[in-house]
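As structure tokens, the structure follows; a few thoughts come after it.
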Amino acid sequence: MNFFNYLFKSSRSIINILFTIFIGLTFYFTLTSSNLLLNSQTTTWVTMVMLLGLIGVIIIMITDNFVKRFAHSVYQSGWLGMSVLGILLLIWQIFFVVATHPAIGFDVNMLHRAWINPNQADVRGYFSQNYNNLPILLLQNWVLTKFHSTSWLIIDFVTLLLVDLSALINIVTMYLASKDKVKLLWYLQIIFLAFFPMIIIPYTDTWVLPSVSLILLGFVGMSNQNLNLIYRILFSVIAGVATAITYYIKPSGIIPAIAFVIIGIIYLCNKINKKRLLKAFCLLLFLLGSGAATFVLGQNIISNQEYISIDKSLEIPSIHFINMGMSGTTGAYNPHDALMMAKLPKKQDKIEYSKKMIRKRLKQRGFWGYISFLIKKQGYNTADGTFGWLGEGTFIFTKTPASTWKWWAQTFTYPNGKNVSVFRFISQLIWIFLIGVLLFGWKYHDLISDGLRLSLIGGFLFLLIFEGGRSRYLIQFLPSIMILVLILWQSSREIITKILLATGLKKMEVSQNA
């Protein structure tokens with residue numbers, strides 16, 4: 001075995017071990033999540049209907065019946081069944097947006113205030129400090145200008161469009177990666193999006209999804225050696241442009257791009273030759289060139305913008321978010337640290353304060369205390385299947401659901417909604433399923449699956465180091481999660497089947513011809 005083969009195999013082993021550790025921790029924390037707790041205080045007739053429905057689904061799955069045969073026929077019908085369920089999902093999403101579109105708090109509220117009047121002193125101060133949110137403000141303002149409106153309803157419909165666009169791009173990516181899994185991904189995303197109320201949160205988490213999906217499409221297309229080199233170059237340009245756009249909307253969203261570059265280099269070591277190296281260099285050149293050109297264009301747009309007056313010297317340094325990532329018990333947003341960033345006038349003072357707090361917190365915890373903190377933080381970062389719904393300060397300004405027809409959507413999602421626990425419960429079950437597939441699919445490996453694994457490892461590490469504490473930050477990685485779940489689906493099924501056979505929970509099927 002030469003050095004390059006050793007580097008290839010050892011790198012894949014390290015990625016697999018790290019991924020299994022992270023996903024194993026997440027799976028444990030998903031199973032122990034409070035979202036699965038239903039008590040008498042939160043139980044309504046809707047809860048009972050939901051529980052009976054779950055029992056019915058289990059019975060349908062383990063027995064031979066008309067409903068199961070009908071569902072199978074719909075699945076086998078191909079594009080007809082896919083189109084019908086896709087239309088039904090879209091109808092539900094439109095109904096949900098129309099019935100809710102509430103005023104949102106936390107950072108989204110500052111965006112909304114800036115759409116209406118960017119000259120308010122505290123609004124200018126916010127975007128001076130949180131300079132990273134300026135691109136999303138300019139983008140949203142440009143969109144709303146086209147509609148001549150600043151309403152929550154319009155911006156929520158745009159958010160819905162972007163989320164669904166991301167799902168459609170994922171379908172194209174899956175077609176390139178594994179054609180036979182396209183239908184499964186379609187239905188999986190329909191189920192997931194039916195319980196994804198973040199379509200009414202017009203923030204970077206959702207608005208970055210299409211460009212993140214385009215990053216994956218670009219890299220999967222680049223890696224497809226069955227395609228003509230011209231097409232692979234085109235995909236590299238798509239990946240480069242999408243990476244630059246993603247960086248401006250949500251910088252951490254480019255982690256999959258970095259991961260795929262690394263994994264591409266690792267896989268080159270497996271069968272290294274001049275022809276492959278030349279093609280890889282050509283693709284990398286177009287990737288970097290298109291990304292750099294888009295980045296420069298973005299810089300010019302932001303630097304020359306006249307929509308809002310910004311004092312860039314007030315920008316909060318990155319080390320502040322590392323400091324907050326070490327604070328409290330969850331490593332989440334820390335009001336005191338945020339206040340200090342507003343009080344300290346000079347950037348260097350902000351940096352020195354953050355460094356001092358980092359040293360203090362590391363000393364207080366000690367080595368093993370900090371390791372324990374990171375293990376628990378992994379749970380806070382990834383275990384919540386609702387993605388931190390209602391978890392931010394003043395998440396939704398309207399607390400109580402209406403008594404009209406809108407109740408049917410609001411009771412599951414508003415702070416005082418009686419059936420929020422039902423939404424949490426169902427979302428958690430879906431999340432347990434997704435994480436379980438990722439955990440038990442450890443045996444399958446190829447360039448794409450390992451690239452997606454490394455993307456998620458990078459995401460987990462980023463959230464452990466920087467501000468985290470809630471799973472809302474995982475939304476940007478949903479395209480990677482969805483595609484990886486389907487790639488690992490068959491391998492995961494085989495492992496789970498072996499476990500069930502070994503424990504006696506499943507009987508060995510005997511052939512009738514035996």
Side-chain angles (χ1 to χ4, degrees), residues 14-15 17-37 106-107 198 204-205 250-253 255-256 258-259 316-338 340-341 354-393 395 424 427-428 431-432 434-436 438-439 453-478 480-481:
I14 292 170
I15 289 170
I17 292 169
L18 286 176
F19 186 76
T20 302
I21 291 172
F22 279 123
I23 287 295
L25 285 172
T26 295
F27 190 63
Y28 167 76
F29 286 116
T30 59
L31 293 176
T32 57
S33 170
S34 60
N35 290 341
L36 296 174
L37 300 178
F106 64 105
D107 299 78
M198 287 290 182
T204 54
D205 307 293
K250 198 171 189 71
S252 54
I255 288 175
I258 299 171
I316 296 174
S318 298
I319 194 172
H320 160 70
F321 298 100
I322 297 177
N323 175 39
M324 282 212 295
M326 296 179 173
S327 66
T329 57
T330 64
Y333 176 81
N334 187 303
H336 180 264
D337 289 336
M340 290 303 296
M341 291 300 103
S354 298
K355 286 181 178 178
K356 183 183 76 172
M357 293 303 297
I358 288 172
R359 288 192 293 267
K360 178 181 177 182
R361 284 162 177 161
L362 285 174
K363 186 177 180 180
Q364 285 177 339
R365 286 198 171 93
F367 177 79
W368 292 112
Y370 186 59
I371 296 298
S372 175
F373 166 77
L374 289 178
I375 291 173
K376 293 175 183 177
K377 188 180 178 183
Q378 174 68 7
Y380 292 120
N381 288 345
T382 62
D384 182 4
T386 72
F387 300 100
W389 186 258
L390 304 179
E392 307 287 346
F395 193 90
R424 295 187 192 278
S427 296
Q428 194 65 25
W431 191 234
I432 288 171
L434 296 176
I435 298 300
L438 296 181
L439 177 62
R453 282 188 178 98
L454 190 57
S455 299
L456 294 178
I457 291 171
F460 294 147
L461 288 172
F462 178 85
L463 294 178
L464 286 177
I465 295 170
F466 290 85
E467 177 193 351
R470 61 274 207 209
S471 60
R472 176 172 68 83
Y473 297 119
L474 272 186
I475 294 173
Q476 63 191 301
F477 299 105
L478 283 177
S480 296
I481 292 171

Is any side-chain heavy atom of [X] less than 4.5 Å from a side-chain heavy atom of [Y]?
| X | Y | value |
| --- | --- | --- |
| K376 | T329 | no |
| T382 | I435 | no |
| L374 | R365 | no |
| I21 | I17 | yes |

Any side-chain donor-acceptor pair under 3.5 Å between Y333 and E392?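 Looking only at side-chain atoms, E392 and Y333 do not form any donor-acceptor pair under 3.5 Å.
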When you compare the side chains of T26 and Q378, does any donor N or O come within less than 3.5 Å of an acceptor on the partner?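 Checked: T26/Q378 side chains pair up, N/O donor to acceptor below 3.5 Å.
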Begin from the C-alpha positions of F367 and L362 and carry the test side-chain contact (heavy atoms from CB on, under 4.5 Å) through to its verdict. CA-CA 8 Å; F367 177 79; L362 285 174; over 6 Å; no
Start with the C-alpha gap between N334 and M340, add the side-chain angles, then the distance that decides, and say whether side-chain contact (heavy atoms from CB on, under 4.5 Å) holds. CA-CA 10 Å; N334 187 303; M340 290 303 296; over 6 Å; no
Set of residues satisfying ring-ring contact (aromatic ring centres under 6.0 Å, His included) with respect to F466, sequence neighbours excluded: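 Here the qualifying residues are F462.
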Electrostatic pair D205:R470 at N-O distance under 4.0 angstrom: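 No, D205 and R470 are not salt-bridged.
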Write down the atom of [X], the atom of [Y], and the distance for their closest heavy-atom approach.
| X | Y | result |
| --- | --- | --- |
| S471 | G388 | OG-N, 3.4 Å |
| S354 | H320 | OG-CA, 3.5 Å |
| L438 | L456 | CD1-CD1, 4.3 Å |
| I255 | F477 | CD1-CZ, 3.9 Å |
| W431 | D384 | CD1-C, 4.2 Å |
| I316 | F321 | CG2-CE1, 4.0 Å |

Dump the intermediate steps for side-chain contact (heavy atoms from CB on, under 4.5 Å) on N381 and L474, then the final yes or no. CA-CA 8 Å; N381 288 345; L474 272 186; over 6 Å; no
[X] side chain to [Y] backbone, donor-acceptor under 3.5 Å:
| X | Y | answer |
| --- | --- | --- |
| K355 | I319 | no |
| Q428 | T30 | yes |
| W389 | F395 | no |
| K377 | M326 | no |
| S372 | G369 | no |

Between [atom1] of [X] and [atom2] of [Y], what distance do you get to the nearest 0.5 Å?
| X | Y | atom1 | atom2 | answer |
| --- | --- | --- | --- | --- |
| E467 | D337 | CD | CG | 10.0 Å |
| L25 | F460 | CG | CZ | 9.5 Å |
| Y370 | I375 | OH | CD1 | 12.0 Å |
| M324 | M357 | CE | CE | 12.0 Å |
| S427 | N35 | OG | CG | 8.0 Å |
| Y380 | F373 | OH | CZ | 9.5 Å |

